[in-house]
There are 2 protein chains.
Amino acid sequence: MSNSIPEIADEESKVQAPSLRTTIKRIPKNANNEQEFLHAIIDEAYVCHVAFTDEHGSHCIPTACWREHNHLYIHGANASRMMKQLVKGTQACITITHVDGLVLARSAFNHSMNYRSAMIYGVFEVVGAEQKAESMAAFMEKIAPGRQAEIRAGSYAELAGTTILRMPLVEFMCKTRSGGPNDDEEDMQQAAWAGVLPIRVAHDAPIAHEQNTQAAPAYVSAWND
Amino acid sequence: MSNSIPEIADEESKVQAPSLRTTIKRIPKNANNEQEFLHAIIDEAYVCHVAFTDEHGSHCIPTACWREHNHLYIHGANASRMMKQLVKGTQACITITHVDGLVLARSAFNHSMNYRSAMIYGVFEVVGAEQKAESMAAFMEKIAPGRQAEIRAGSYAELAGTTILRMPLVEFMCKTRSGGPNDDEEDMQQAAWAGVLPIRVAHDAPIAHEQNTQAAPAYVSAWND
């Protein structure tokens with residue numbers, strides 16, 4: 001049971017730039033590989049969860065994310081509660097979790113999940129006005145490669161009303177579990193099916209808008225894998 | 001662009017039990033329906049993200065979750081950082097997000113995501129020793145219906161080493177977006193494909209452990225839909 005959660009105290013940890021907050025269980029690895037592992041987790045995610053605290057308490061807010069080089073980016077309306085708090089330099093923790101499967105062991109206690117997760121600590125930097133259009137284009141390139149050239153780009157007013165923030169990928173911890181169940185020897189005769197129930201994110205067939213007039217571009221026709 | 005994030009300041013909000021933290025944008029709905037909507041979001045989730053604050057700052061930790069009646073449950077090793085902090089009655093925010101699709105509009109600004117999310121605020125209650133076995137069985141029933149009778153149940157020591165916490169579903173906010181893009185009239189002639197790229201969680205074929213000796217029970221043979 002304590003094995004069954006993707007939580008800080010168990011499973012393999014991949015840690016870089018250890019700090020008080022990220023040295024729970026360190027397994028030394030090649031630093032470049034660590035960075036690549038983190039980048040892959042971010043690049044696969046459409047949404048991250050951002051924890052921060054204001055005068056009303058701790059909040060956990062889901063928001064879209066993307067990566068440029070060694071920063072994670074988020075954006076939102078200038079007026080949003082989260083943006084107004086984070087531009088002040090409030091400490092935040094960003095977490096991304098990909099669930100890869102349920103691990104069914106022969107004892108309740110040894111049940112687990114396969115997953116990849118990343119926690120990033122730090123303070124967001126505000127992306128300056130002159131960089132906003134380029135950053136939003138990078139986000140679009142992640143969502144739909146090549147689409148930026150097809151759409152009506154953000155206007156001055158739209159960009160001015162949008163806050164873009166980025167967090168340096170410096171203080172972080174990635175964790176992962178993969179593979180089958182790890183049962184205790186004395187449980188191996190238990191008459192229970194043992195193995196993994198794999199989970200993945202799937203893409204269903206694109207749904208064109210009723211007034212769509214355009215042929216499907218590559219990122220649409222290739223969507224439904 | 002500001003439309004493209006599942007974030008507090010946009011899209012349809014479904015709010016119950018409004019508080020300072022959950023009255024951002026209220027659309028009155030039937031209270032029973034609200035409860036059912038929240039329950040469905042939790043019941044579909046294997047993992048939630050928990051935000052809380054300790055002397056090292058704000059944290060956002062992914063952990064398995066399940067529901068019994070009108071409480072959300074989590075568990076972990078007694079020794080885990082999160083459990084040790086939350087048993088103190090620390091205020092927490094639990095968030096669950098299901099991403100349902102990418103919404104491709106004719107302007108960058110009107111891009112969005114389809115999603116269902118729930119934020120729950122409050123303080124965790126500790127599940128007493130006499131209730132632990134029953135709560136863990138409820139979790140197993142969510143993961144794999146009927147499996148509790150097949151496995152070796154938790155021992156006294158395993159249960160004693162596990163902390164189970166529950167949060168009442170009282171102060172919460174659910175949000176959802178569905179459907180196609182909402183373009184501005186002046187963008188309708190833009191020569192860009194418009195529509196939705198649907199996303200869902202899929203189940204791949206079960207992988208039996210190499211030493212598995214048991215036939216697949218119903219929850220295994222029905223997994224790969």
Side-chain angles (χ1 to χ4, degrees), chain A residues 1-2 4-9 20-21 46-47 49 51-53 56-60 62-64 76-77 80-81 91 93 95 97 99 107-109 117 136 143 150-154 158 162 180-181 187 190 192-198 200 202 204 206-209 212 214 216-217 220 223, chain B residues 1-2 4-9 20-21 46-47 49 51-53 56-60 62-64 76-77 80-81 91 93 95 97 99 102 107-109 117 136 150-154 158 162 180-181 187 190 192-198 200 202 204 206-209 212 214 216-217 220 223:
Chain A
M1 300 172 206
S2 57
S4 62
I5 54 166
E7 200 267 306
I8 268 191
L20 266 176
R21 297 184 288 217
Y46 291 115
V47 168
H49 286 80
F52 64 95
T53 302
H56 301 299
S58 294
H59 306 281
C60 182
T63 192
S80 86
R81 176 174 69 176
Q91 179 262 322
C93 175
T95 300
T97 309
V99 177
S107 71
F109 189 78
S117 71
M136 293 310 301
I143 296 288
E150 302 161 4
I151 53 174
R152 195 265 291 160
E158 288 168 346
T162 301
D187 293 325
Q190 185 75 22
W193 187 90
V196 174
L197 303 180
R200 69 179 162 89
D204 282 337
I207 302 167
H209 185 248
N212 176 62
Q214 302 296 309
V220 172
W223 178 257
Chain B
M1 303 172 204
S2 58
S4 62
I5 55 164
E7 199 266 306
I8 268 191
L20 266 175
R21 298 185 287 219
Y46 290 116
V47 167
H49 286 80
F52 64 95
T53 302
H56 300 299
S58 294
H59 306 281
C60 182
T63 192
S80 87
R81 175 174 70 177
Q91 179 263 323
C93 175
T95 300
T97 309
V99 177
L102 306 180
S107 71
F109 190 78
S117 71
M136 293 309 301
E150 302 162 4
I151 54 174
R152 195 265 292 160
E158 288 167 346
T162 301
D187 293 326
Q190 186 75 22
W193 187 91
V196 174
L197 302 180
R200 70 179 161 89
D204 281 338
I207 302 167
H209 185 249
N212 175 62
Q214 302 297 309
V220 172
W223 179 256

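Here is the naming used below: chain letters follow the sequence lines, and residue numbers restart at 1 for every chain. What you see is a predicted model, and the numbers here were worked out from it, not measured in a lab.
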Next item on the list: Check the pair B:Ser58 / A:Thr53 against side chain to side chain donor-acceptor pair (under 3.5 Å), numbers first and verdict last.
Entry: CA-CA 7 Å; B:Ser58 294; A:Thr53 302; 2.7 Å; yes

Choice from [options] maximising heavy atom contacts with chain B below 4.5 Å:
options                               : answer
A:Ala216, A:Gly57, A:Ala194, A:Pro181 : A:Ala194
A:Pro217, A:Pro206, A:Ala192          : A:Ala192
A:Val196, A:Val220, A:Leu197          : A:Leu197

Shortest non-hydrogen separation from [X] to [Y] and the atoms involved:
X        : Y        : value
A:Gln190 : B:Glu150 : NE2-O, 2.9 Å
B:Ala208 : A:Trp193 : CA-CZ2, 3.6 Å
A:Ala51  : B:Cys60  : CB-CB, 3.5 Å

Item checked: Counterpart residues, side-chain hydrogen bond (donor to acceptor under 3.5 Å, both in side chains), relative to A:Gln214 (two or more places apart) ->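 Not a single residue meets the side-chain hydrogen bond (donor to acceptor under 3.5 Å, both in side chains) criterion with A:Gln214.
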
Item checked: Residues in side-chain hydrogen bond (donor to acceptor under 3.5 Å, both in side chains) contact with B:Asp187, at least two apart in sequence or another chain ->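 By the side-chain hydrogen bond (donor to acceptor under 3.5 Å, both in side chains) rule, B:Asp187 matches A:Arg152.
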
Check: Given that the side chain runs from C-beta out, which part of B:Leu102 has a heavy atom under 4.5 Å from chain A: side chain, backbone, both or neither?
Finding: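 Only the side chain of B:Leu102 comes within 4.5 Å of chain A.
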
Next item on the list: Tell me, for B:Val99 versus chain A, whether the close heavy atoms (under 4.5 Å) come from the side chain, the backbone, both or neither.
Entry: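 When you check distances to chain A, only side chain atoms of B:Val99 fall under 4.5 Å.
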
Checklist line | Pairwise distance NE2(B:His56) to SG(A:Cys93) - rounded to 0.5 angstrom | finding: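 With rounding to 0.5 Å, NE2 (B:His56) is 13.0 Å from SG (A:Cys93).
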
